[in-house]
*Asks:* 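The structure under discussion is supplied below as structure tokens; questions concerning it will follow.
The chains referred to below are lettered A, B, ... by the order of the sequence lines, with proteins before strands, and numbering in each begins at 1. When reading the values below, keep in mind they use all heavy atoms of this one structure, side chains included, and skip hydrogens, waters and symmetry mates. Because the structure is a prediction, the values reported are computed rather than measured.
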Protein chains: 2
Amino acid sequence: MAGTNADMSDSYKQEIRDLALFADMDEINFRALMRGAYVQNFPPRIDLIHENEPPDFLHVVLSGSVDLFAEWNGRETSMATVRPVSTFILAASVRNLPYLMSARTLEKSRIALIPSQDVRTVFTVDCAFAQAIVAELAQCYRSVVKNTKDLKLRTSLERLANYLLRQQARTGSTEFNLTMEKRRLASFLGMTPENLSRAFRGLEPYGVKVEGNRIMITDLEDLLSYAKPNPLIDDYSA
Amino acid sequence: MAGTNADMSDSYKQEIRDLALFADMDEINFRALMRGAYVQNFPPRIDLIHENEPPDFLHVVLSGSVDLFAEWNGRETSMATVRPVSTFILAASVRNLPYLMSARTLEKSRIALIPSQDVRTVFTVDCAFAQAIVAELAQCYRSVVKNTKDLKLRTSLERLANYLLRQQARTGSTEFNLTMEKRRLASFLGMTPENLSRAFRGLEPYGVKVEGNRIMITDLEDLLSYAKPNPLIDDYSA
DNA sequence: CGGGCCACTTGATAAATGTCAAGTGTCTGT
DNA sequence: ACAGACACTTGACATTTATCAAGTGGCCCG
């Protein structure tokens, strides 16, 4: 395990406290949670947790980014990217069941670790915390359902087109940089890197220009009419 | 809307009360929930809800079975089957966000409908109920994650093989009947009916015999070594 | 009994996706 | 500056999966 242990500074605590998950809970209970928690700095590409391990800690990404991925039979797929400030593996923590996914840092990252046991203890006594967990889990559940719909209802070209449109909506610009390596994007979208390359070229006729990491949507209307984005799949805020 | 409205009988109430979701909540609050609830009988193949509708009711399947499915761009895919006694669309209900999936009865079914507004109201005052919702949502979330891993990490033949093994484990027998039409199974597994037919024949060399709806696993070891089931994908209880 | 519906199957073919191998370019660290 | 590593691309090819069309068989209903 790499990284340097550090006492939880007040500024970190405040960052965590500001998360919807912790914002409404009782101060006493929040302090109890923080008592056993600590912050670590990790270099890029460090494994944080591995699937099938018991959920010792609830993780909070304070800075950097984390890849959630899964393996089976020698194959590996990227499931999601966690960006600041948010938590991951909440479901495993509250149910005290083994992780279903592994996690590794993508870049230099600061992660807070909160003992799962404390999370479970506090959540049985703090109603506001339990309610916040409900909201968070419902949100997570809906995100995965959307992802499943994306995978089952669309071809890889359509998935890429809609992914680009989501990025366009997020940045508010028709020109942006990819936020992850293409190989990871390919894995996230459920295809091979070779196919992603071809898919990018396959979108050229619909007004997508690619220069390295930079994406330029030159004909938004055209791309929209091909991709047919749908809030029930592509709107990650609802 | 088909089906006959019916007052909630005490035996139905007890069935619902026995669900883990409602078992620990305060009796007063449970009664408040039941006050606005009612039970309806539905014939087969009736649409209960449609994606994008506001979540008016939390549904509880008391008998029969319900198909959850999703549509996009003229395509449709089966997402899950809900069997008694359990609830569906809990996440939409508690977040008060539109359904991500549609639901239709597969057979004659008895469904209890609990106003979502009451669920949200009660869950803010009943800590035990909030905790039960957490447990339920965490479970649902993990199921969908497993399903995503199944889809992204396995070929259709492997998905079918593992599906059969899960049925084998559930029934405790190497001989069983499929619990749904093959066309729905195909959709659930993310393939076409034609391909499912071919996949069944593709599993013959691994000791799978098919006669109509009846499946016979004649060489469990062989099938296991091909399918390589994994608790982190196939064990729906954990 | 017979007709028609429908799920399922099968074969031929097409499209989508993955694999393998080679090549380009960038970046990094010596 | 240079070597090596590595992400990405490209082309040829294999595999997987979907589509289309036709056929089988069961089942319901007149």
*Asks:* Taking the side chain from Arg110(B) and the backbone from Leu62(B), do they hold a donor-acceptor pair closer than 3.5 Å?
*Replies:*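 A pair under 3.5 Å: no.
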
*Asks:* Nearest of dT19(D), dT17(D), dT10(C) to any side-chain atom of Arg201(B)?
*Replies:*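 The answer is dT10(C).
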
*Asks:* For the side chain of Asn195(A), counting heavy atoms from C-beta on, which of dG18(C), dG11(D), dC20(D) is nearest?
*Replies:*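 Nucleotide nearest to Asn195(A)'s side chain: dG18(C).
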
*Asks:* With no hydrogens and no angle check, do the side chains of Glu158(A) and Asn162(A) hold a donor and an acceptor under 3.5 Å apart?
*Replies:*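 Their side chains do not contain a donor-acceptor pair, so the 3.5 Å distance test is not met.
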
*Asks:* Would you mind reading off the distance between Phe200(A) atom CZ and dT17(C) atom P, rounded to a whole angstrom?
*Replies:*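 Spelled out: CZ on Phe200(A) to P on dT17(C) is 15 Å.
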
*Asks:* If you count every heavy atom of other residues, nucleotides or ligands that lies below 6.0 Å from Arg45(B) atom CZ, does the total exceed 12?
*Replies:*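 Incorrect, the count does not exceed 12.
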
*Asks:* Which nucleotide wins on minimum distance to the side chain of Glu194(A), given the candidates dT17(D), dT10(D), dA21(D)?
*Replies:*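 Of the options given, the side chain of Glu194(A) lies nearest dT10(D).
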
*Asks:* Check this one for me: any side-chain N or O of Thr192(B) less than 4.0 Å away from OP1 or OP2 of dA18(D)?
*Replies:*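 Checking dA18(D) against Thr192(B), a side-chain N or O does come within under 4.0 Å of OP1 or OP2.
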
*Asks:* What is the distance, rounded to the nearest whole Å, between atom CG of Leu185(B) and atom P of dT9(C)?
*Replies:*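 It works out to 11 Å between those atoms.
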
*Asks:* Without decimals, in angstroms, what is the distance between Leu151(A) CG and dT17(D) P?
*Replies:*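 Result: 14 Å.
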
*Asks:* Need one value for Arg198(A): base, sugar-phosphate or nothing, where a base atom within 4.0 Å counts as base even if backbone is also close, heavy atoms only.
*Replies:*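 Result for Arg198(A) = base.
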
*Asks:* Through what angle, rounded to 10 degrees, does the axis of the helix from dC1(C)-dG30(D) to dT30(C)-dA1(D) turn between its ends, using five pairs per end?
*Replies:*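 Helix axis angle between the two ends: 30°.
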
*Asks:* Going by distance alone, is a donor N or O of one side chain under 3.5 Å from an acceptor N or O of the other, for Thr171(A) and Ser173(A)?
*Replies:*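 The answer is no; no qualifying pair exists.
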
*Asks:* What integer distance in Å separates Leu189(B):CG from dT16(D):P?
*Replies:*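 Spelled out: CG on Leu189(B) to P on dT16(D) is 17 Å.
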
*Asks:* dC8(D) P sits how many Å from Arg214(A) CZ, rounded?
*Replies:*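 So the two atoms are 17 Å apart, to the nearest Å.
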
*Asks:* Round to a whole Å and report the spacing from CG of Leu153(A) to C1' of dT17(D).
*Replies:*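 Those two atoms, CG and C1', are 16 Å apart.
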
*Asks:* When the distance from CZ of Arg75(B) to P of dA16(C) is rounded to whole Å, what number comes out?
*Replies:*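 Computing the Arg75(B):CZ to dA16(C):P distance gives 10 Å.
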
*Asks:* Quick one: label Gly190(A) by what it contacts on the DNA or RNA (base, sugar-phosphate, nothing), any heavy atom closer than 4.0 Å.
*Replies:*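 It contacts sugar-phosphate atoms only.
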
*Asks:* Quick one: does Asn213(A)'s side chain have a donor or acceptor within less than 3.5 Å of a partner on Asn177(A)'s backbone?
*Replies:*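 It does not hold such a pair.
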
*Asks:* Roughly, in whole Å, what's the span from NZ in Lys182(A) to P in dA7(D)?
*Replies:*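 Between P of dA7(D) and NZ of Lys182(A): 13 Å.
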
*Asks:* Check the pair Leu232(A) / Lys149(A) against side-chain contact (heavy atoms from CB on, under 4.5 Å), numbers first and verdict last.
*Replies:* CA-CA 9 Å; Leu232(A) 298 182; Lys149(A) 290 170 67 172; 3.6 Å; yes

*Asks:* Test side-chain hydrogen bond (donor to acceptor under 3.5 Å, both in side chains) on Thr81(B) and Arg184(B) and set out the steps.
*Replies:* CA-CA 10 Å; Thr81(B) 304; Arg184(B) 275 201 61 243; 2.9 Å; yes

*Asks:* For Glu181(A), answer base if it contacts any base atom (sugar-phosphate contacts may also be present), sugar-phosphate if it contacts only those atoms, and nothing otherwise; contact means non-hydrogen atoms under 4.0 Å.
*Replies:*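 If one applies the 4.0 Å heavy-atom cut-off, Glu181(A) turns out to touch the sugar-phosphate alone, with no base involved.
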
*Asks:* Just compare dT17(C), dT19(C), dC8(C) and give me whichever is closest to any side-chain atom of Ser156(A).
*Replies:*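 The nucleotide sitting nearest to the side chain is dT17(C).
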
